[in-house]
Amino acid sequence: MTTVTSWTAANSRRLAREERRRRLGPLGVLTHVALLIWTLLVMVPILWTFLASVKSEDEIFGDAWSLPATLRWDNFARAWEQAHIGQYMLNSVIVVAFSTFGTMLVGSMAAYVLARYPFRGNRAIYLLFVSGLAFPVYLALTPLFFVVQNLGNLPVIGPFIGLNTHAGIVLVYIAYSMPFTVFFLSAFFRTLPTAVGEAAMVDGASHTRVFFQIMLPMARPGIISITIFNILGQWNQYQLPLVLLQERDKWVLTQGISDVSTAAGYDQDWSALFAALTIAILPMLVVYTLFQRQIQSGLTSGALK
């Protein structure tokens with residue numbers, strides 16, 4: 001009986017694959033080929049970086065794809081301690097954690113109001129948020145520098161949110177991430193049913209309670225997706241901290257790796273550079289791997305609804 005069941009299941013899977021091939025046609029084959037090429041273009045440099053991180057410099061500049069004679073874990077020790085990658089990584093974790101929390105809190109509330117509450121100027125405010133997606137950050141670097149510098153001149157709170165402060169860069173990250181967050185979540189909130197929220201308000205729930213206890217849990221797939229995107233974007237940000245964080249002890253990970261890269265041109269410690277790159281890549285790779293299903297679920301839920 002078990003053999004018959006297994007054969008039936010295998011035959012069903014085979015028929016399903018053949019049906020998919022017939023349905024996709026030549027365009028589907030080209031799509032799969034393009035995805036395969038894209039996968040190779042992304043994965044090959046990452047794998048080579050991981051391999052180079054445990055090699056000596058002679059092995060790196062020798063046969064690029066040869067396996068190392070011995071795994072040189074001391075490359076990571078030099079990158080962590082001598083290049084201060086550990087301190088820069090801690091700074092990045094602190095900045096990204098607070099900025100992502102602030103972005104999701106403020107962005108989700110703004111998106112909810114714009115999506116569910118009609119009022120005069122609603123569309124104009126939404127378009128202002130969306131227009132931020134088309135505004136290159138490079139154009140804002142100089143005025144942004146002076147804005148944050150002037151914030152540092154405010155009484156009492158100025159020294160905590162000005163230049164060379166993590167709070168200042170957190171505020172900038174929040175502002176930088178708001179357009180995409182509002183654009184994505186407002187579309188998601190529009191797809192949610194209104195009956196549940198209206199029933200809660202009839203029972204005496206406030207607008208705040210409806211949002212945090214009803215609507216926010218219902219929007220969980222979209223919240224998780226945009227949270228991961230914000231983490232990835234803020235973790236890899238380089239231009240903003242380069243302009244706003246000039247004191248070495250305040251640097252984030254991208255600045256530290258850039259410094260190691262510059263030093264490698266003179267000191268020839270390329271092994272430590274690739275080890276530092278591996279340290280920077282692995283956390284985001286783990287995060288994306290763990291939450292891959294949630295990201296896909298959030299994107300497809302919003303599209304299907």
Please report, to 0.1 Å, the donor-acceptor pairs under 3.5 Å made by any side chain of residues 170-188, with sequence neighbours excluded.
from	atom 1	to	atom 2	distance (Å)
S177	OG	Y173	O	3.0
S177	OG	Q234	NE2	2.8
T181	OG1	S177	O	2.8
T181	OG1	N230	ND2	3.2
S186	OG	V182	O	2.7
S186	OG	F183	O	3.2

Mind checking the [atom1]-[atom2] spacing from [X] to [Y]? Nearest 0.5 Å is all I need.
| X | Y | atom1 | atom2 | result |
| --- | --- | --- | --- | --- |
| Y288 | I228 | OH | CD1 | 10.0 Å |
| L71 | F76 | CG | CZ | 9.5 Å |
| I85 | T278 | CD1 | OG1 | 11.0 Å |
| I214 | L192 | CD1 | CG | 11.5 Å |
| M284 | I231 | CE | CD1 | 6.5 Å |
| I125 | R120 | CD1 | CZ | 12.5 Å |

**Message:** What verdict does the side-chain contact (heavy atoms from CB on, under 4.5 Å) test give for T254 and Q237, after you've listed the backbone C-alpha separation in whole Å, the side-chain angles of each residue and the deciding distance to 0.1 Å?
**Reply:** CA-CA 7 Å; T254 50; Q237 182 57 240; 5.9 Å; no
List the atom of [X], the atom of [Y], and the distance in Å for their closest heavy-atom pair.
| X | Y | result |
| --- | --- | --- |
| M89 | P283 | CE-CG, 3.3 Å |
| A205 | V210 | CB-CG2, 3.9 Å |
| I169 | H166 | CG2-O, 3.1 Å |
| L282 | F50 | CD2-CZ, 3.8 Å |
| I257 | A280 | CD1-CB, 3.3 Å |
| S108 | I223 | CB-CD1, 4.2 Å |

Any side-chain heavy-atom pair from [X] and [Y] closer than 4.5 angstrom?
| X | Y | value |
| --- | --- | --- |
| M201 | S206 | no |
| L245 | T165 | no |
| S53 | L277 | no |
| L144 | L240 | yes |

Would you confirm whether [X], through its side chain, and [Y], through its main-chain N or O, come within 3.5 Å as a donor-acceptor pair?
| X | Y | answer |
| --- | --- | --- |
| Q255 | P241 | yes |
| T100 | A97 | no |
| N75 | K55 | yes |

**Request:** Would you list the pairs meeting ring-ring contact (aromatic ring centres under 6.0 Å, His included) in which at least one residue belongs to residues 79-113, sequence neighbours left out?
**Result:** Y88-W251, Y112-Y117, Y112-F189, Y112-F211
**Request:** Please list all pairs passing the ring-ring contact (aromatic ring centres under 6.0 Å, His included) test where one or both residues lie in residues 119-162, with sequence neighbours left out.
**Result:** none
Going by salt bridge (charged side-chain N to carboxylate O under 4.0 Å, His left out), name the pairs with one or both residues in [range], residues two or more places apart or in two chains.
| range | result |
| --- | --- |
| residues 65-80 | D74-R78, R78-D269 |
| residues 191-213 | none |
| residues 238-257 | R248-D259 |

**A77: side chain to side chain contact (heavy atoms under 4.5 Å, CB included) partners, not counting sequence neighbours** = none
**Request:** Just jot down the side chain to side chain contact (heavy atoms under 4.5 Å, CB included) partners of S92, sequence neighbours excluded, or say none.
**Result:**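 Only W235, V252, L253 meet the side chain to side chain contact (heavy atoms under 4.5 Å, CB included) criterion with S92.
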Are [Y] and [X] linked, directly or through intermediate hydrophobic residues, by side-chain heavy-atom contacts shorter than 4.5 Å (ILVMFWY only)?
| X | Y | answer |
| --- | --- | --- |
| L133 | L114 | yes |
| V202 | M215 | no |
| M109 | L128 | no |
| L163 | V147 | no |

**Request:** Not counting sequence neighbours, which residues clear side chain to side chain donor-acceptor pair (under 3.5 Å) with N122? List them please.
**Result:**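 By the side chain to side chain donor-acceptor pair (under 3.5 Å) rule, N122 matches no residue at all.
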**Prompt:** Residues in side chain to side chain donor-acceptor pair (under 3.5 Å) with R123, at least two apart?
**Reply:**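 Result, side chain to side chain donor-acceptor pair (under 3.5 Å) vs R123: none returned.
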**Message:** Let's go through V148 and I161 carefully: what are the C-alpha distance in whole Å and the side-chain angles of both, what is the deciding distance for side-chain contact (heavy atoms from CB on, under 4.5 Å) to 0.1 Å, and is it a yes or a no?
**Reply:** CA-CA 7 Å; V148 178; I161 61 174; over 6 Å; no
**Request:** Determine, stepwise, if the pair F212 / H207 fulfils side-chain contact (heavy atoms from CB on, under 4.5 Å).
**Result:** CA-CA 9 Å; F212 282 104; H207 293 281; over 6 Å; no
Distance-only donor-acceptor hits, side chain of residues 34-48, under 3.5 Å, sequence neighbours excluded:
from	atom 1	to	atom 2	distance (Å)
T39	OG1	L35	O	2.8
W48	NE1	A64	O	3.1

**Item:** side-chain contact (heavy atoms from CB on, under 4.5 Å) evaluation trace for E59 with S271
**Value:** CA-CA 10 Å; E59 291 172 330; S271 301; over 6 Å; no
**Message:** Looking only at the side chains, is there a donor atom on one of Q87 and N91 sitting less than 3.5 Å from an acceptor on the other?
**Reply:** yes
**Prompt:** Apart from L242 itself, what residues make up its hydrophobic cluster when side-chain heavy atoms of I, L, V, M, F, W and Y under 4.5 Å apart count as a link, directly or indirectly?
**Reply:**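 Direct or chained contacts put L242 with Y238.
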